[in-house]
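Being a predicted model, the structure only gives us computed values, none of them experimental. In this chain, residues are counted from 1 in sequence order.
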Amino acid sequence: MMPNSHRKRQRVPHHNPSTTRLPSSSSSSAIIHSFSDKTISESSQKLHRTSSATSSVTSSFNDPYTADVLLRLFVDRSAFDSESPSDSTRQSDIQIYLHSDVIRRAKYFGALLSECWQHQRKIDANSDNGAEGSRSNDHDHDHNKNLVHLNLAVVDDDPNSITVRITVLQLLYTSDFATVIDSASTAIEILPVALELLFEDCVKSCLKFLEAVPWSEEEEKSVLSLIPFLREEESKELLARVSPGKDDSCEDMLHGLILAAIHNHPNTAFVKAFVAKLLRDFSSRESARRVLERAFETSLKVVKESLEEYTSPNFRGDHNETEAIQRLNLHTAMTNGRHLLWLVERMIELRVADSAVREWSEQASLTADLQRAFRDDAWRNIVPGFPAVVLRCTCKLANAVATGTILAARQVRMKLVKDWLPVLLVCKDNVSPMLPSHKTLYLELEETFLRIISTLPMSDAQLLLQQCLSFSTRNVEDCPHLITAFNTWFRRATQPPQLENLD
């Protein structure tokens, strides 16, 4: 229900009581009662209790004995296309007894009354002068004739529109709005009517309630539709809830969630799974790419710096201090290596690992440090799982390249194998005893490297295949992937040059 802010409200014309049928108090109450639903009945009871408990409020809603205003509340059928009014529409034309000193709380009524009083008194004076002999002795008729008559049109075909307006009229008779405005849906229904009638106290109460309580998705849409009708200071708190403070707030939020998942949260596995789902469901793939790349670069930098310090230690301190620093460097590299593995999995899952593959293929200094570290025995008792973590990162990225999930340039593919193949060979030679899981990992990475080598030019493939001889096993038949790779190369090498055939 929206207030019509673009249509200027017309002054309500006076209706001559001699030609307008006015219902009695009982009939008017019956009409209102028949139109009220359970919510309105409850709110009316609350308001009656409030009014009786407040000494400053002496007038009662719809009291014909003390009222000085008679309001006609009706549905304006001119706004609709229906040719004949329905039964519900005919029932939506009701009259309510009100009090001018009360309804002036709404500035809309205050503006009407400021002119209507003078207009009413002028007509009453003319009527008194011209109809001395025919004046009725009926008390009700005489009372109704002296009422100020106002019209309030409802430009809405929703039957609930009349009900909500009755509620707002009742709220004019109380200062305790909390008894009625007790849910977001109620506040959203009442607020447009309060804005339409310029009922500032009611508007403030609705806004105060909406600022403090949660909204459903549908309620949020309704609140946002009302924002254009509010003043800037009134809408400030509502907008703060739904308006991002800056353009990249989503990316900042995602990056913060990733950091919390991989660094700080005690239930790491559950939190990582939840953040992974958020990344999958996030609408902007490019935003997800940027935050993952940012976190990937940070963790990779820490791994590189830790390995560099480990392989080139500063021995200025005593032996115990140096050993403690070395252990810390390895633990730091291991921890951030795990972070890298999770980030790589997310990037591959979202098919945004292009930059990660390029970055991983340009790590000549890191792979050299890893080879030096794994040839030393110190890491075995400190971070025994570190080689497997590093090789799993490599295997994930290399497999994405080999399967076409990531379309890497030839130079990237060649450098990926060239720099990381020696690390695999060092791990095979120095990591013992070899666990079954490690054996499976090594075999998978061997097969992946060989598949990538098969995509390279013959000259590059020749150099790299010669380094793969250590893939062979005691039983030649146990390394079919290596046999296939060499057979493929020799088959291609013995074929006639294809350029000559093209001529």
Side-chain angles (χ1 to χ4, degrees), residues 1-17 19-23 27-37 40 61-62 64 67-100 102-120 123 144 147-173 188-200 202-203 206 222 225-226 228-229:
M1 184 190 316
M2 296 295 300
N4 191 341
S5 62
H6 301 291
R7 181 170 62 87
K8 183 178 179 181
R9 293 196 167 276
Q10 302 297 320
R11 294 299 181 189
V12 181
H14 170 72
H15 291 273
N16 194 321
T19 59
T20 304
R21 184 178 66 85
L22 299 176
S27 63
S28 178
S29 299
I31 293 173
I32 295 176
H33 179 72
S34 66
F35 207 84
S36 301
D37 58 10
I40 297 301
F61 176 75
N62 198 36
D68 56 356
V69 175
L70 185 61
L71 176 69
R72 177 189 173 223
L73 188 60
F74 67 100
V75 174
D76 185 1
R77 294 304 307 172
S78 63
F80 309 110
D81 297 330
S82 176
E83 296 181 357
S84 60
S86 63
D87 292 339
S88 62
T89 302
R90 284 192 291 267
Q91 293 174 0
S92 300
D93 192 337
I94 63 176
Q95 292 175 310
I96 308 172
Y97 290 97
L98 301 172
H99 303 79
S100 60
V102 174
I103 66 174
R104 284 181 185 275
R105 294 180 67 190
K107 294 179 181 179
Y108 171 78
F109 289 128
L112 288 181
L113 290 172
S114 64
E115 294 185 5
C116 283
W117 278 124
Q118 298 178 4
H119 186 61
Q120 179 81 23
I123 292 178
N144 287 332
L147 295 175
V148 173
H149 298 261
L150 301 179
N151 288 347
L152 182 60
V154 178
V155 188
D156 196 334
D157 208 17
D158 182 3
N160 194 46
S161 300
I162 293 288
T163 304
V164 175
R165 278 165 172 76
I166 292 174
T167 300
V168 175
L169 292 173
Q170 289 175 316
L171 287 173
L172 288 165
Y173 284 78
I188 290 169
E189 283 186 333
I190 289 176
L191 179 56
V193 180
L195 288 168
E196 182 180 343
L197 299 181
L198 303 178
F199 187 4
E200 296 296 335
C202 188
V203 170
C206 290
S222 298
S225 70
L226 293 171
F229 304 97

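- For the pair I103 and L71, the minimum side-chain heavy-atom distance is 4.5 Å or more.
- Of the inter-residue distances, the one linking H99 atom NE2 with D68 atom CG reads 7.0 Å to the nearest 0.5 angstrom.
- Counting heavy atoms from C-beta on, the side chains of L147 and V69 never come closer than 4.5 Å.
- With contacts defined as side-chain heavy-atom distances shorter than 4.5 Å, the pair C202/I190 qualifies.
- The CG atom of L197 lies 7.5 Å from the CG atom of L172; values are rounded to the nearest 0.5 Å.
- By the 4.5 Å heavy-atom criterion applied to side chains, Y97 and L70 are counted as neighbours.
- To the nearest 0.5 angstrom, E189 atom CD is 10.5 Å from C206 atom SG.
- Rounded to the nearest 0.5 Å, atoms CG (N151) and CD (Q95) are 9.0 Å apart.
- Note that CZ of F61 and CD1 of I96 are 4.5 Å apart. Values are rounded to the nearest 0.5 Å.
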Mind running side-chain contact (heavy atoms from CB on, under 4.5 Å) on V75 and D93 for me, showing each step along the way? CA-CA 7 Å; V75 174; D93 192 337; over 6 Å; no

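- Residues passing the ring-ring contact (aromatic ring centres under 6.0 Å, His included) test with F109, sequence neighbours excluded: none.
- Considering only heavy atoms from C-beta on, L113 comes within 4.5 Å of L150 through its side chain.
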